[in-house]
Protein chains: 2
Amino acid sequence: MHSFTEENYLKTIYAISLRQDGDVSTNALAEVTATKAASVTDMLRKLADKELIHYKKYQGVRLTEEGERLALQIIRRHRLWEVFLVDKLGFGWDAVHDIAEELEHIRSDELTARLDAFLHYPQFDPHGDPIPTQTGQMPETEYRKLSDVNEGEAVRLMGVLEHSTAFLQHLDRCQLTLGCAVTLGEINPFDRSVRVVSETGQPIFVSHEVARNLLVE
Amino acid sequence: MHSFTEENYLKTIYAISLRQDGDVSTNALAEVTATKAASVTDMLRKLADKELIHYKKYQGVRLTEEGERLALQIIRRHRLWEVFLVDKLGFGWDAVHDIAEELEHIRSDELTARLDAFLHYPQFDPHGDPIPTQTGQMPETEYRKLSDVNEGEAVRLMGVLEHSTAFLQHLDRCQLTLGCAVTLGEINPFDRSVRVVSETGQPIFVSHEVARNLLVE
DNA sequence: ATAAAAATTTAGATAAGTCTAAATTTTTAG
DNA sequence: CTAAAAATTTAGACTTATCTAAATTTTTAT
């Protein structure tokens, strides 16, 4: 079987692949896993031996089919546990990442299936990220960034691109909750900040930095 | 902080201490942890350095106050997760031990407290074992073994001493469920097997081996 | 009381995952 | 196009938890 650490590398390779095209570099992995490039190289050799990644020295890596299957399994478990922590245990959406990071490594298909049923087969986690299916499909979403929406459009907040505690707590303070409907007011041409109006009619000022990290439909 | 492995040793030392008096031997630990005596010795030196156990070479070990506090914390988490797995996810009581063995190592006091509340502060796990309190007290129970009960007495099944899957499944097949009331019929003088009669009037034959591992009140 | 048996510890080795420092390859800029 | 910079890999070392084999201590049985 593969270790806790190997699972984290697979998950990280998948995550980096999503936000760029081409292969994933050693340095990018070192940064995200908070290790040194030399350590990453060692692990890549190991994952390549197990045929979980395609790896050519100096050329970066890409998951094999089996590697991607495993990565999606881990992400599925992570997101299901996040739903559990928020919906059932009442944690804030900004407080669940680290705990889910541990829970995701419990490799029991029956546990995952029962948890899924207990949560009524959720399709999205508390941050709006889609939950991969049992068969390893990542549901497609067609969300736009709030920063790409035009003045006057009415949209609904569906997810976040940034998952840091600081960002999520900022959204809480602004009353920007997933699922809430907002209408775009004028976009400030100087700093591209924007005023949005929530269902309750309350105006909320949103910086471009925040708008770039909010997904809407 | 202490490792996953150190936690398992503490838990094991506590468990062995309960079922014998005097200090716990290296060999006993090696057997339960499925390692070799030499490996146990190494770990004991380490736990002694951290002042989690009292250890004198060749003399066996005993938990310090801090060691016992940690052991009870781990056992508390283990048993709370077992309640979750059985009561909320619908696992059989014979199928939860291994999964709880992994969940117990997630060291978040907030997670444990919220799980406890979500489960409505259970006092016993699915096998009738008491759940240590948040402050590290192991609730006392005054159960007798079914093998010590006299003919004609009416008792209620409250727990098990043996936790193997095989034993628990045997009880399921006999319809011997925790909480069920039974009256003792005659004890066979030859093999000390006993006939018990359940609430429904159904007679159940119980070997001495089984009776020795059933706790009643 | 002492020799044999049992239990325990020590010594030295291994595997996983990490590190630093040095070497190598690839990329970039003039 | 080539030299410097950046990225990556290799070499050698460390830590944790384990092992086997040998040495030591304790217990047991005569």
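All chains are named by letter (A, B, ...) in the order of the sequence lines, taking the proteins before the strands, and each is independently numbered beginning at 1. All values below come from the heavy atoms of this structure, side chains included, with hydrogens, waters and symmetry mates left out.
- To the nearest angstrom, C1' of C:dA16 lies 12 Å from OH of A:Y9.
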May I have the list of side-chain donor-acceptor pairs in residues 19-28 of chain B shorter than 3.5 Å, sequence neighbours left out?
from  : atom 1 : to    : atom 2 : distance (Å)
B:Q20 : NE2    : B:D23 : O      : 3.0
B:S25 : OG     : B:A28 : N      : 3.1

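- Between B:F84 and A:F84, the distance from one ring center to the other falls under 6.0 angstrom.
- One side chain, B:E162 or B:S164, offers a donor N or O that lies under 3.5 Å from an acceptor on the other.
- If you look at A:H127 and A:H97, their ring centroids are not closer than 6.0 Å.
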* Reading nucleotides 6-11 of chain C 5' to 3', which nucleotides get B (base under 4.0 Å from a protein heavy atom), which S (sugar-phosphate only), which -? -> -SBBB-
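- With distances taken from any side-chain atom of B:K36 to the nucleotides D:dT18, C:dT18, D:dT20, the minimum falls on D:dT20.
- Side chains of A:H105 and A:N8: a donor on one and an acceptor on the other come within 3.5 Å.
- Look at CG on A:L47: it is 13 Å from C1' on C:dA16, rounded to the nearest Å.
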